[in-house]
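Structure first, then comments.
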Amino acid sequence: MTQSKLLLRSLAGEKLPVPPIWMMRQAGRYLPEYRATRAEAGDFLSLCYNSDLATEVTLQPIRRYGFDAAILFADILLVPEALGADLWFVTGEGPRLSTITTQADMNKIKGPDDIHDHLAPIYQTVRNLSSALPNETTLIGFAGAPWTVATYMIAGRGTPDQGPAHKLRVENPELFDAVIDRLTEATITYLDMQVQAGAEVVKIFDSWAGSLKGDAFTKYALEPTKRIISALKAKHPDLPIIAFPREAGDGYIGFAKATGADCVAIDNSVSAEWVAENVQRDGCVQGNLKSSHMVTGGQALVDETRAIVRALSNGPHIFNLGHGITPDADPENVQLMIDTIRESRD
Ligand code: CP3
């Protein structure tokens, strides 16, 4: 059967006249309907674990904008919680977790197959979405990459330079490698369950890949992503996978080939021309409009959107932001971005 979903066609390497569109954090606080549902749920984590409400917020941006893809509403930090870490969110500050700094902490972490009871509501959300989405909309599942998730588990919070994780990596490589291995194995079973529940594509978010350099990038960003992708492809040979080694810079070059990813998502620290020249020649790329345009709007948004579409028009491209949309974004600017892309075919 010929594939009709635009996102899947791009992921298969097809160059389309208009790129399919979705946005990281498209279900989020910039939308009044999201804020209302989140208030109904009580707090962010209760929203993630309430399958009906998580389904509702996933669908909100699809109804409002007709994006080509919906991304499961959940969070990368649910995996550490399922592995036994305590997790909570401090309003205005972000996530907090119990830390892993010793072998005794690590001994308390559960096995990769012991996470599914805890994550059952997430699989239910995927099943709900699989039947609720319009025929043309692709359902994306996701997980954090082991390195990025480890940075939060080791520090117990977000950190500007991932200092505590780098410290453990250098001072206690055995323990650090054990954390990365456990996360790699858990991520494989978590994503496999999402695919069995109906996710058509999965994305691996390595938001802090950019702080790994040289051999450390290869060992802790590239290798775990490659292991996850080969395990998933062994079970699901036709599953398209998007990798996002954010701020990898030159590390983006060859990343798809080295890991087996079908598409590399690119942040906005590199130009679309550079991406066309160095990354898109190996296949589909996703990105990379600066998310601040969703706050500021106007002619600069239009010009920059057109420039990205043009620069990446000679190969497979999925339009997205370089990182998540922020709570202060104006929903009308999102519409302006979409109109600009969909009018750009002439
Ligand atoms: O993209 C989507 O719409 C799907 C859902 C999704 C969320 N988080 C929802 C969320 C996805 C894919 C994520 C990924 C995620 N979570 C990452 C990787 C991508 C990235 O942004 O770099 C990271 C590092 C996290 C961890 C996390 N979750 C942080 C640091 C925070 C706090 C910062 C913030 O924006 O408040 C979150 C909370 C979070 N995850 C929110 C949403 C919609 C905001 C929660 C709220 O409603 O208050």
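Bear in mind that the values here come from a model prediction, so they are computed numbers and not experimental data. Atoms within each ligand, like the ligands themselves, are counted from 1 in listed order. All values below come from the heavy atoms of this structure, side chains included, with hydrogens, waters and symmetry mates left out.
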Any donor-acceptor pair under 3.5 Å linking the side-chain atoms of [Y] with those of [X]?
X	Y	answer
T102	D105	yes
D192	T189	no
D206	T148	yes

How long is the span from the SG atom in C263 to the CZ atom in F255, to the nearest 0.5 Å?
-> 12.0 Å
Would you call F89 a ligand 1 contact, heavy-atom distance under 4.0 Å?
-> yes
Is there a heavy atom of L72 sitting under 4.0 angstrom from any atom of ligand 1?
-> yes
Exactly one candidate in Q162, E247, R246 meets side chain to side chain contact (heavy atoms under 4.5 Å, CB included) with S211; the answer is Q162
Looking only at distance, does [X] have an N or O less than 3.5 Å from an N or O of ligand 1?
X	result
W22	no
T148	no
W208	no
R25	yes
H323	yes

Please list, in number order, the atoms of ligand 1 under 4.0 Å from a heavy atom of [X].
X	answer
Q26	3 (O)
Y152	24 (C), 30 (C)
F73	43 (C)
I71	1 (O), 2 (C), 3 (O), 4 (C)

Counting non-hydrogen protein atoms only, what is the nearest one to [atom]? Give residue, atom name and distance.
atom	answer
atom 34 (C) of ligand 1	R29 NH2, 3.1 Å
atom 23 (C) of ligand 1	I76 CD1, 3.4 Å
atom 39 (C) of ligand 1	F44 CZ, 3.4 Å
atom 27 (C) of ligand 1	D75 OD1, 3.6 Å
atom 11 (C) of ligand 1	F142 CZ, 3.6 Å

Is the contact between [X] and ligand 1 made by the side chain, the backbone, both, or neither, using heavy atoms and a 4.0 Å cut-off?
X	answer
L47	neither
A74	backbone
R38	side chain

Determine, using ring centers only, whether H118 and Y49 are less than 6.0 Å apart.
-> yes
side-chain hydrogen bond (donor to acceptor under 3.5 Å, both in side chains) pairs, two or more places apart, involving residues 27-41 =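 As it turns out, the side-chain hydrogen bond (donor to acceptor under 3.5 Å, both in side chains) pairs with a partner in residues 27-41, which skip direct neighbours, are E33-R64, T37-Q60.
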Residue pair N128 / S51: nearest heavy atoms and the distance that separates them |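 Taking every non-hydrogen atom into account, ND2-O, 3.5 Å.
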Does D177 come within less than 4.0 Å of K219, counting only side-chain N to carboxylate O?
->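 Looking at D177 and K219, the cut-off is met.
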